K.L.:
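Let me begin by handing over the structure; questions about it come next.
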Amino acid sequence: MASPSQAVPNTGMMDRVDTEILIVGGGPAGLSVASTLPEDISAILVHQDRSIGTPVRTSGGCWMRDVSALGIPAEFAHPVNHADIYSDNEHLKLDMSSDPVGVLNVTALYRWLAGQSRADIRCGTKYLGTRREGGMFISRLRENRVEYEIASRVIVDASGWHCAVLQSLGLSPPPDRRGIGIEYEFAAPSHDLDRAALFFGSATPTGYGWAFPTTLGSLRLGVGLIEPDSDQSPKALMEGLLASNALERMGLPRPLSFHVNAGILPSVPFTSNLIFDGVIRVGDSANMATPTLGEGIRICIEHGRTLGAALGKNSPKALTQWERFVRRKLALQYRIGFEANRRAAAYTPRDWDRSVARMRTLPPEELLRFFQNDFSARMIAQRGAQSIGRKIGRMLGGR
């Protein structure tokens, strides 16, 4: 990946492909942009991995109502109606039947999105950087050890937390605060497929953990932390979890044979500047994952699709309207959620005991709205964003 000081130089003659739009990144954001471009606009989507949807870099948490609203096939989501939330000395049984969680089959979903693409998808293609030249963007790629260039009038940065395009052009650095997670996925025939778990405290010191059942009948057992708030590694957290008796205490099975999923997402305040004179960021490049639970697939799909539609109009006004739409939906909500995120990252096991105890006093619907990073307009109007963030921190952490 090129840094701002290593933007792609003009290296002389090189094979060049012309297109109107280049999309860098084949995750849910980039694929969703490509899915709503009109057929008369040429576009190329480049993806570093050799196939769409693997390796898996997310737990795939979503909400069943969003699965329906976004038109995602129901078979790609496993509904979960109950969750157990644990700290060292507290336990909350959360009924989510009023608004069930959906655990997505990430690989199947991404490949379904790719099937709707109006772009030429090129997997196994490494993005090396971009330079401006005569009103165009000239991007250098490497595919099968061969380097070539793509010239485009617009470039979409959907590269995730790397912010590869923005970094290459010196427009924005990658986030300096990130959520990093590791997950073991394994067969769990004895686990209740209608039950998820979240856990905090000594089982995952300086971090957090989860267990999600899947459409395939497996269990995704994961741990994560915020860097640099924590100086540990997810692997060390997982090893500590497996060496303890925490799984038995929570009634979770131990992974014996498993495969590993791992991912990184930004954990910084939402930045409302999404358009940089022909460069547009979306998805994790635009910090769109929720600051409360860090789930963002539904948000990437929604705003990726609307960006593709706006690009199809070939109008600066349409893009400005898209940017304003995203700001209205996310900026204030994420400001509130990030305040809660920042406070929770410093919790001790005792704080988490207080937090889970206080969660039990809340109606399930209110707690679910917090997890969704969905704060009501009435609450915001009455108290203001900063005040709400402090209130949430006190409510969940007792500070």
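The structure presented is a predicted model; accordingly, all values stated were derived computationally and were not measured. Position 1 is the first residue of the sequence; numbering continues from there.
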K.L.:
Determine, for Arg358 against Glu90, whether the closest basic-nitrogen to carboxylate-oxygen distance falls under 4.0 angstrom.
P.N.:
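The answer is no: the pair does not qualify as a salt bridge.
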K.L.:
For residues Ser159 and Asp157, is any side-chain donor paired with an opposing acceptor at under 3.5 Å?
P.N.:
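Yes, because at least one side-chain N or O of Ser159 sits under 3.5 Å from a partner of the opposite role on Asp157.
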K.L.:
Looking at every non-hydrogen atom in both residues, tell me the closest pair between Ser59 and Trp210 and how far apart they are.
P.N.:
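Smallest interatomic distance, heavy atoms only, reads OG-NE1, 3.0 Å.
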K.L.:
Do Met250 and His91 have side chains that get closer than 4.5 Å, going by heavy atoms?
P.N.:
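When only atoms from C-beta onward are counted, His91 and Met250 do not touch, as no gap falls below 4.5 Å.
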K.L.:
What I want to check is whether the side chains of Arg178 and Ser267 have a donor and an acceptor closer together than 3.5 Å.
P.N.:
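Not at all, the side chains of Arg178 and Ser267 share no donor-acceptor pair under 3.5 Å.
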K.L.:
Look at the side-chain heavy atoms of Ile, Leu, Val, Met, Phe, Trp and Tyr, link any pair under 4.5 Å apart, and say whether Ile23 and Leu171 land in one connected group.
P.N.:
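No, separate clusters.
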K.L.:
Give a yes or no on whether Glu39 atom CD has more than 12 heavy-atom contacts from other residues, nucleotides or ligands under 6.0 Å away.
P.N.:
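Atom CD in Glu39 is not crowded, with 12 or fewer foreign heavy atoms closer than 6.0 Å.
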K.L.:
Does this structure show an ion pair linking Arg16 with Glu133, if we count only N-O contacts that are shorter than 4.0 Å?
P.N.:
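Glu133 and Arg16: salt-bridged.
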K.L.:
Would Tyr184 and Leu256 count as a side-chain contact (heavy atoms from CB on, under 4.5 Å) if you check the C-alpha gap in whole Å, the side-chain angles of each, and the deciding distance to 0.1 Å?
P.N.:
CA-CA 10 Å; Tyr184 291 179; Leu256 299 177; over 6 Å; no
K.L.:
Please answer: with hydrophobic residues joined when any side-chain heavy atoms are less than 4.5 Å apart, are Tyr347 and Val356 in the same cluster?
P.N.:
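Same cluster: Tyr347 reaches Val356 through Ile, Leu, Val, Met, Phe, Trp or Tyr contacts under 4.5 Å.
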K.L.:
Is Val282 close to Met288 at the side-chain level, that is, under 4.5 Å between some pair of heavy atoms?
P.N.:
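Met288 reaches Val282 side chain to side chain.
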K.L.:
Kindly give the heavy-atom pair with the smallest separation between Ile301 and Leu109, and that separation in Å.
P.N.:
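Here Ile301 and Leu109 meet closest at CD1-CD2, 4.4 Å.
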K.L.:
Which heavy atom of Leu274 sits nearest to which heavy atom of Ala286, and what is that distance?
P.N.:
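Looking at all heavy atoms of both residues, the shortest contact is CD2-CB, 3.7 Å.
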K.L.:
Identify the heavy atoms of Gly53 and Thr107 that sit nearest to each other, and give their distance.
P.N.:
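Smallest interatomic distance, heavy atoms only, reads O-OG1, 2.8 Å.
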K.L.:
Angle class for the Phe76/Trp112 ring planes (parallel below 30°, perpendicular above 60°, tilted otherwise)?
P.N.:
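Correct class here is perpendicular.
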K.L.:
Testing Asn81, Val80, Val67 one by one against Pro100 for a side-chain contact (heavy atoms from CB on, under 4.5 Å), which residue passes?
P.N.:
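For Pro100, the side-chain contact (heavy atoms from CB on, under 4.5 Å) test succeeds with only one of Asn81, Val80, Val67, which is Asn81.
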K.L.:
Could you verify whether a donor N or O on one side chain and an acceptor N or O on the other, from Asp99 and Gln372, lie under 3.5 Å apart?
P.N.:
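Present: a donor and an acceptor within the cut-off.
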K.L.:
Is a salt bridge present between Arg343 and Asp351, judged by a nitrogen-to-oxygen distance below 4.0 Å?
P.N.:
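No salt bridge links Arg343 with Asp351.
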K.L.:
Under a 3.5 Å threshold, yes or no: a donor from one side chain and an acceptor from the other, between Tyr127 and Gln48?
P.N.:
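No.
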K.L.:
For the CG atom of Leu252 and the CG atom of Leu247, what is their distance to the nearest 0.5 Å?
P.N.:
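Here the interatomic distance stands at 5.5 Å.
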K.L.:
Taking NZ, NE, NH1 and NH2 as the nitrogens, is one of them in Glu147 or Arg140 under 4.0 Å from a carboxylate oxygen of the other?
P.N.:
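Answer for the salt bridge query: yes.
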K.L.:
Using modelled atom types only, decide if a donor and an acceptor are shared between the side chain of Thr36 and the backbone of Arg305 within a distance under 3.5 Å.
P.N.:
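Yes, because the side chain of Thr36 sits within donor-acceptor range (under 3.5 Å) of the backbone of Arg305.
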K.L.:
Got Asp176 and Glu227 here, is their nearest side-chain heavy-atom distance under 4.5 Å?
P.N.:
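No, side chains not in contact.
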K.L.:
Does the side chain of Arg177 come under 3.5 Å of the side chain of Asn341 through a donor N or O and an acceptor N or O?
P.N.:
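Per modelled atom types, Arg177 and Asn341 side chains form a pair under 3.5 Å.
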K.L.:
May I ask you to check whether Phe186 and Phe258 place their ring centres under 6.0 Å from each other?
P.N.:
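For Phe258 and Phe186, the ring centres are not under 6.0 Å apart.
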K.L.:
When you group the ILVMFWY residues by side-chain heavy-atom contacts below 4.5 Å and let the links chain together, are Leu368 and Tyr208 in the same group?
P.N.:
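Same hydrophobic cluster.
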K.L.:
Below 4.5 Å, heavy atoms only, C-beta onward: do Thr271 and Arg281 meet side chain to side chain?
P.N.:
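They are in side-chain contact.
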K.L.:
So, Arg327 and Glu323, do they make that salt bridge, N to O below 4.0 Å?
P.N.:
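Yes, this pair counts.
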K.L.:
Return the orientation label for the Phe200 and Trp352 ring planes: parallel under 30°, perpendicular over 60°, tilted otherwise.
P.N.:
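Phe200 vs Trp352 ring planes: parallel.
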K.L.:
Answer whether the closest heavy-atom distance between the side chains of Arg298 and Thr290 falls below 4.5 Å.
P.N.:
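Yes - at least one pair of side-chain heavy atoms lies under 4.5 Å apart.
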K.L.:
Is it possible for you to say whether Leu45 and Ile138 belong to one hydrophobic cluster, with membership spreading through side-chain heavy-atom contacts below 4.5 Å?
P.N.:
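No, Leu45 and Ile138 fall in different hydrophobic clusters.
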K.L.:
Backbone N or O of Ser42 within a donor-acceptor pair of the Glu20 side chain at under 3.5 Å?
P.N.:
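Yes.
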K.L.:
Just by distance, do the side chain of Ser117 and the backbone of Leu113 share a donor-acceptor pair under 3.5 Å?
P.N.:
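A pair under 3.5 Å: no.
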K.L.:
Considering only NZ, NE, NH1 and NH2 on the basic side and carboxylate oxygens on the acidic side, decide whether Glu339 and Arg342 come within less than 4.0 Å.
P.N.:
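A salt bridge links Glu339 with Arg342.
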K.L.:
For Arg122 and Tyr148, work out which heavy atoms get closest and say how close.
P.N.:
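For Arg122 and Tyr148, the tightest heavy-atom pair comes out as NH1-OH, 3.1 Å.
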K.L.:
What is the minimum heavy-atom distance between Gly60 and Ile297, and which atoms define it?
P.N.:
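That would be CA-CD1, 4.0 Å.
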K.L.:
Can you confirm if the aromatic rings of Phe212 and His78 lie within a centre distance of less than 6.0 Å?
P.N.:
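When the ring centroids of His78 and Phe212 are compared, they turn out to be at least 6.0 Å apart.
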K.L.:
If you measure only the distance, is there a donor-acceptor pair under 3.5 Å linking the side chains of Gln333 and Arg328?
P.N.:
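Short answer, no.
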K.L.:
Between Ile85 and Phe199, is there a side-chain heavy-atom distance shorter than 4.5 Å?
P.N.:
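No - every pair of side-chain heavy atoms lies 4.5 Å or more apart.
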K.L.:
Check the surroundings of atom CZ in Arg324: do more than 12 heavy atoms from other residues, nucleotides or ligands lie under 6.0 Å from it?
P.N.:
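Result for CZ/Arg324: open.
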K.L.:
Using only heavy-atom distances, determine whether the side chains of Thr54 and Ser51 contain a donor-acceptor pair under 3.5 Å.
P.N.:
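Yes.
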